[in-house]
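The figures here come from the full heavy-atom set of this structure, side chains too, leaving out hydrogens, waters and symmetry mates. Lettering follows sequence order; numbering is per chain, from 1.
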Protein chains: 2
Amino acid sequence: MFVRNSDVTSRSSSLRDLGMTSDLNPAVSLSEFSYKKGTEIYGEKEPAEYVYQVKTGAVRSYKLLSDGRRQIGAFHLAGDIFGLENGSSHRFTAEAIVDTTVRLIRRQTLELVADNDPVVANNLLNMTTTNLQHAEDHMLLLGRKTSLERVAAFILEMDQRLTGADVIALPMSRRDIADYLGLTLETVSRALSRLHEFGIIEFVGNTQRQIVLSDRQKLATIDLQG
Amino acid sequence: MFVRNSDVTSRSSSLRDLGMTSDLNPAVSLSEFSYKKGTEIYGEKEPAEYVYQVKTGAVRSYKLLSDGRRQIGAFHLAGDIFGLENGSSHRFTAEAIVDTTVRLIRRQTLELVADNDPVVANNLLNMTTTNLQHAEDHMLLLGRKTSLERVAAFILEMDQRLTGADVIALPMSRRDIADYLGLTLETVSRALSRLHEFGIIEFVGNTQRQIVLSDRQKLATIDLQG
DNA sequence: CGCGGGATTGAATTAGGTCAAAAGCCGTGG
DNA sequence: CCACGGCTTTTGACCTAATTCAATCCCGCG
């Protein structure tokens, strides 16, 4: 279930790497795992043994209905922490979107540290709050935005998060985007074409997954906020 | 903004009333406020000065788009705690659905206590996690369920939460339900009629807001889970 | 080069939205 | 007690945004 298809490279490191800002027991050991594109990192309802941080690659977290309908709750990109559960089991299935390397730490270890270090405990609360905030915003998108608004919001989100070059290199397919936005892949494709027609985005290179945001201003007016 | 239209009745009480299970400084004082049906308790982006617990009545928390589209993120019923923010300002607007009385505590006070009592701190994390879990499930509903499935899920949720008599007495209007489920009020009404035709629910009394769940089994098959 | 999995685009379908009317319910005041 | 006015809810008819179904198209890669 858990380790399946991975290169294990145990390294010693500090919790700072997990986003904890306090100095603390540097003897806590972190490991690295790699997952091939499309493989499962953990399944919904599995016991939450580890907490993960994306080192390279990208991950999708999703829920399924019994008939296969899928809702992706979040994408996890380089640096993001995921799989942090307060309860004892995972509430999403997590899969590598592309070949991905993660750092991981035993949940139990983290809890132990948190119990003795209020700063770490507070960081856990902050991370959970960040996740909650994202989910709250996403409920508004899923419940009330049009397809064009959703795709615009998506591009803006990715632009913010992939804060590297001016090219947005999307790791995920149209289907993934659709399942994140509560749409079909065709609708996503049409919306992207429309944004292109409007002169708001350009497709670059030969792949369809690299996007240049030519008019962030106009895009922001399409995705109306509060 | 905050106190506007309320009867203030300051009382002394213990934090236990706020759902904190640990014994702690009983000198912390709680107040009670009342809000008339339809009035705002706090607005989105206002500084989060207090944390609230519904004593009687019901509250809706929502976000608005600039053109008036509304997404209700949660309903708060008797006993529920709401308005707990980690950041400094509210992320929803909260309104009394019917005449409502709340207990409240200064956020600052709560934080102070949490800093010194790891049990309270842990309760804050648990509450945030509960909210997160609800939002995650609601994303699946909003993104991927049909109108009938959404309304079925709503009835089941209310049945669970209004765990009193066998009559589900809904405090909220069809429009509120619609804005919670990402539908229109007409679609909600039609779905309820359909559930009635199917012999799954009955309307009781003279109001349309009291529902008897005749066949919980069948209802559960309509709202398909994971 | 040719194969295969995305991605795009078009045409037809439909679930849910919109618009409109009628019915039901509740409070108020005569 | 009844009548009136202002809701909310239901129901019907029609409309549309998004889905579904179905071709291509397009690249990346063996």
Side-chain angles (χ1 to χ4, degrees), chain A residues 36-38 58 60 65 67-71 97-99 141-152 154-155 168-197 201-211 222, chain B residues 36-38 60 65 67-71 97-99 141-152 154-155 168-198 201-211 222:
Chain A
K36 287 228 164 60
K37 173 178 168 166
R60 57 182 168 243
L65 292 176
D67 63 359
R69 279 173 283 172
R70 181 178 71 157
Q71 179 62 44
I97 294 176
V98 293
D99 291 357
L141 178 148
L142 292 171
R144 289 297 178 221
K145 290 188 181 176
T146 66
S147 62
L148 194 63
E149 289 166 348
R150 293 179 201 209
V151 172
F154 173 75
I155 300 282
I168 305 173
L170 301 174
M172 71 291 283
S173 69
R174 299 293 188 257
R175 167 163 295 285
D176 287 335
I177 299 172
D179 286 348
Y180 179 59
L181 298 178
L183 301 169
T184 60
L185 67 92
E186 292 95 331
T187 299
V188 169
S189 179
R190 280 184 243 272
L192 287 171
S193 297
R194 208 123 65 87
L195 291 178
H196 179 62
E197 286 168 25
I201 62 174
E202 299 295 328
F203 294 91
V204 79
N206 7 26
T207 157
Q208 308 95 309
R209 296 197 189 175
Q210 277 174 249
I211 291 177
I222 287 179
Chain B
K36 287 229 165 58
K37 173 178 169 167
R60 58 182 168 242
L65 292 177
D67 62 359
R69 279 174 283 172
R70 182 177 70 157
Q71 179 63 44
I97 295 175
V98 293
D99 291 357
L141 178 149
L142 293 171
R144 288 298 177 218
K145 289 187 181 177
T146 66
S147 61
L148 194 63
E149 289 166 349
R150 293 179 200 208
V151 171
F154 173 74
I155 301 283
I168 305 173
L170 300 174
M172 70 291 283
S173 69
R174 299 293 188 259
R175 168 164 295 285
D176 287 336
I177 299 173
D179 286 348
Y180 179 59
L181 299 178
L183 300 169
T184 60
L185 65 94
E186 292 95 330
T187 299
V188 170
S189 180
R190 280 184 242 272
L192 287 170
S193 298
R194 209 123 65 88
L195 292 177
H196 178 63
E197 286 168 24
F198 294 168
I201 62 174
E202 298 295 327
F203 294 92
V204 78
N206 9 25
T207 157
Q208 307 97 306
R209 296 197 189 175
Q210 277 174 251
I211 291 176
I222 287 179

Atom-to-atom span, [atom1] of [X] to [atom2] of [N] - whole angstrom:
{"X": "A:Met172", "N": "C:dA7", "atom1": "CE", "atom2": "P", "result": "11 Å"}
{"X": "A:Gln208", "N": "C:dT8", "atom1": "CD", "atom2": "C1'", "result": "9 Å"}
{"X": "B:Lys37", "N": "C:dC26", "atom1": "NZ", "atom2": "P", "result": "11 Å"}

| query | Which value, rounded to the nearest 0.5 Å, describes the distance between B:Leu148 atom CG and B:Phe198 atom CZ? | reply | 6.0 Å
| To the nearest 0.5 Å, what is the distance between CG (B:Leu192) and CZ (B:Phe203)? | 5.0 Å
| Okay, side chain of B:Arg150, backbone of B:Leu142: is any donor-acceptor separation there less than 3.5 Å? | yes
| query | Taking OP1 and OP2 of D:dT9, is either one under 4.0 Å from a side-chain nitrogen or oxygen of B:Arg209? | reply | yes
| Base of C:dG5 paired with side chain of A:Arg174 (donor-acceptor, under 3.5 Å) | no
| message | I'd like to know if B:Arg190 reaches the base of D:dG12 with its side chain such that a donor and an acceptor end up less than 3.5 angstrom apart. | response | yes
| query | NA contact type, B:Leu183, heavy-atom cut-off 4.0 Å: base, sugar-phosphate, or nothing? | reply | sugar-phosphate
| query | Looking across every strand, which nucleic acid part, if any, lies under 4.0 Å from A:Thr187 by heavy atom: base, sugar-phosphate, or nothing? | reply | base
| said: Any salt bridge linking B:Arg69 with A:Glu149? Criterion: basic side-chain nitrogen under 4.0 Å from a carboxylate oxygen. | reply: yes
